[in-house]
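Below you'll find the structure, written out as structure tokens, and then a few comments.
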Amino acid sequence: LLKANALYEQVLMESKKRIRSKGDLINVVLPNVNESLFEAMLVFIYTNVGPKIEDETTARNILLLADQFNCQDLGIYTESVMAEKIVDSSNAARLLLFADSRSLALLKEACMSEYFANPNAVMASRNDWTKIQVSNKLLAELLIYTSSGRNQCSPSTKIYEPINGIDSLDLDSLGMSSLRVLF
């Protein structure tokens with residue numbers, strides 16, 4: 001065992017010298033992967049510092065990258081940032097379609113909540129709203145969401161507020177954001 005450790009150390013030292021002296025670093029090329037987003041993902045994995053998400057495009061790209069590399073924590077983080085800071089009436093219809101296609105329950109609920117708060121403004125995004133109208137499933141979900149009491153808060157209330165009295169809750173009536181608070 002001692003000889004194996006010594007041999008390993010020697011090989012490691014030689015490879016470091018060779019790389020330093022010849023400058024032949026190994027570059028790994030990942031096709032169709034944005035280098036800065038990949039770097040942000042690595043920073044998140046190793047330091048738990050979330051990437052700076054300021055716009056919808058960056059957020060979508062990070063979600064897709066997290067999905068591609070199965071980085072679930074980054075995906076959950078990005079989805080929550082999108083739900084809290086990115087969703088508004090101008091993009092709620094588009095993000096609802098995106099959330100539905102990627103099974104992003106928290107984002108989907110935030111979009112539905114925005115629709116509940118500002119239905120005319122959300123429907124004003126004609127192109128995206130037309131795509132929602134094609135989906136009977138999404139229209140039914142919106143109808144149920146707006147009429148069943150799932151939206152137990154007023155339009156101005158954040159959907160992320162903690163729930164008290166867990167013993168008296170009807171779990172079937174809770175939305176995704178409420179369930180995440182519970183667990």
Side-chain angles (χ1 to χ4, degrees), residues 32 34 37 40-41 44-45 48 50-166 169-183:
N32 302 320
N34 180 305
L37 294 182
M41 180 178 73
F44 180 82
I45 290 169
N48 208 28
K52 190 175 184 179
I53 301 171
E54 294 181 346
D55 60 79
E56 178 185 341
T57 302
T58 301
R60 280 174 168 248
N61 288 335
I62 291 172
L63 274 172
L64 295 173
L65 182 73
D67 188 48
Q68 180 180 353
F69 290 98
N70 199 26
C71 187
Q72 295 172 348
D73 289 344
L74 179 60
I76 291 168
Y77 169 80
T78 305
E79 180 183 4
S80 68
V81 170
M82 287 180 79
E84 190 171 337
K85 296 181 179 175
I86 304 289
V87 174
D88 61 28
S89 56
S90 69
N91 63 16
R94 179 174 55 252
L95 288 176
L96 178 60
L97 291 163
F98 178 72
D100 187 57
S101 71
R102 309 292 302 177
S103 299
L104 302 169
L106 183 64
L107 180 59
K108 187 173 179 179
E109 185 173 358
C111 294
M112 290 177 156
S113 182
E114 184 63 33
Y115 172 78
F116 175 70
N118 303 304
N120 291 331
V122 172
M123 290 186 289
S125 59
R126 293 281 178 217
N127 191 27
D128 299 318
W129 184 250
T130 301
K131 292 175 185 173
I132 287 176
Q133 288 177 310
V134 172
S135 172
N136 290 335
K137 177 184 157 282
L138 274 178
L139 287 174
E141 286 181 54
L142 277 172
L143 180 62
I144 290 167
Y145 182 83
T146 57
S147 63
S148 71
R150 282 205 123 137
N151 49 359
Q152 297 173 359
C153 56
S154 70
S156 62
T157 305
K158 288 280 189 186
I159 63 172
Y160 315 102
E161 293 178 3
I163 297 173
N164 297 322
I166 189 169
L169 292 176
D170 176 13
L171 293 180
D172 290 333
S173 69
L174 294 177
M176 188 63 196
S177 61
S178 303
L179 290 174
R180 286 190 183 191
V181 170
L182 292 175
F183 303 100

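Residue numbers run from 1 in the order of the sequence given.
No donor-acceptor pair closer than 3.5 Å links the side chain of E114 to the backbone N or O of D88. Not one N or O on the side chain of N120 forms a donor-acceptor pair closer than 3.5 Å with the backbone of M123. Between the side chain of T130 and the main chain of R126, a donor-acceptor pair closer than 3.5 Å is present.
Closest non-hydrogen pair, V87 versus A110, comes out as CG1-O, 4.0 Å. Contact detail for S90 and S125: the closest heavy-atom pair is O-CB, 4.1 Å. Looking at every heavy atom in both residues, P51 comes nearest to I62 through CG-CD1, 3.8 Å.
Here the side chains of N34 and L65 are not in contact, with every heavy-atom distance at 4.5 Å or above. Taking the side chain as every heavy atom from C-beta outward, L96 and M112 approach each other to under 4.5 Å. Side-chain contact between I144 and E141: absent, with no pair of heavy atoms (C-beta onward) separated by less than 4.5 Å. A heavy-atom distance below 4.5 Å is not found between the side chains of M41 and Q68. Counting heavy atoms from C-beta on, the side chains of L97 and I132 come closer than 4.5 Å. A heavy-atom distance below 4.5 Å is found between the side chains of L106 and S80. Contact check for D100 versus K137: side-chain heavy atoms found under the 4.5 Å cut-off. Counting only heavy atoms from C-beta outward, the side chains of I53 and K85 never approach each other to under 4.5 Å.
For residues 68-87, every residue pair satisfying the ring pair (Phe, Tyr, Trp, His ring centres under 6.0 Å) rule, not counting sequence neighbours, is listed here: F38-F69, F44-Y77.
Interatomic distance, CD1 of I76 versus CG of L107, reported as 13.0 Å (0.5 Å rounding). Considering CG of L64 and CG of L37, their distance stands at 10.0 Å, rounded to 0.5 Å. The line from CG of L139 to CG of L143 is 8.5 Å long, rounded to the nearest 0.5 Å.
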task: Dump the intermediate steps for side chain to side chain contact (heavy atoms under 4.5 Å, CB included) on M82 and L63, then the final yes or no.
output: CA-CA 10 Å; M82 287 180 79; L63 274 172; 3.3 Å; yes

message: Walk me through whether K108 and L138 qualify under side chain to side chain contact (heavy atoms under 4.5 Å, CB included).
response: CA-CA 10 Å; K108 187 173 179 179; L138 274 178; 3.9 Å; yes

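In this structure, D55 places its CG atom where more than 12 heavy-atom neighbours from other residues, nucleotides or ligands lie under 6.0 Å away.
The pair E79-R102 does not count as a salt bridge, with every side-chain nitrogen at least 4.0 angstrom from each carboxylate oxygen.
Between Y145 and F116, the ring planes are perpendicular. Angles over 60° get that label, and only those under 30° would be called parallel.
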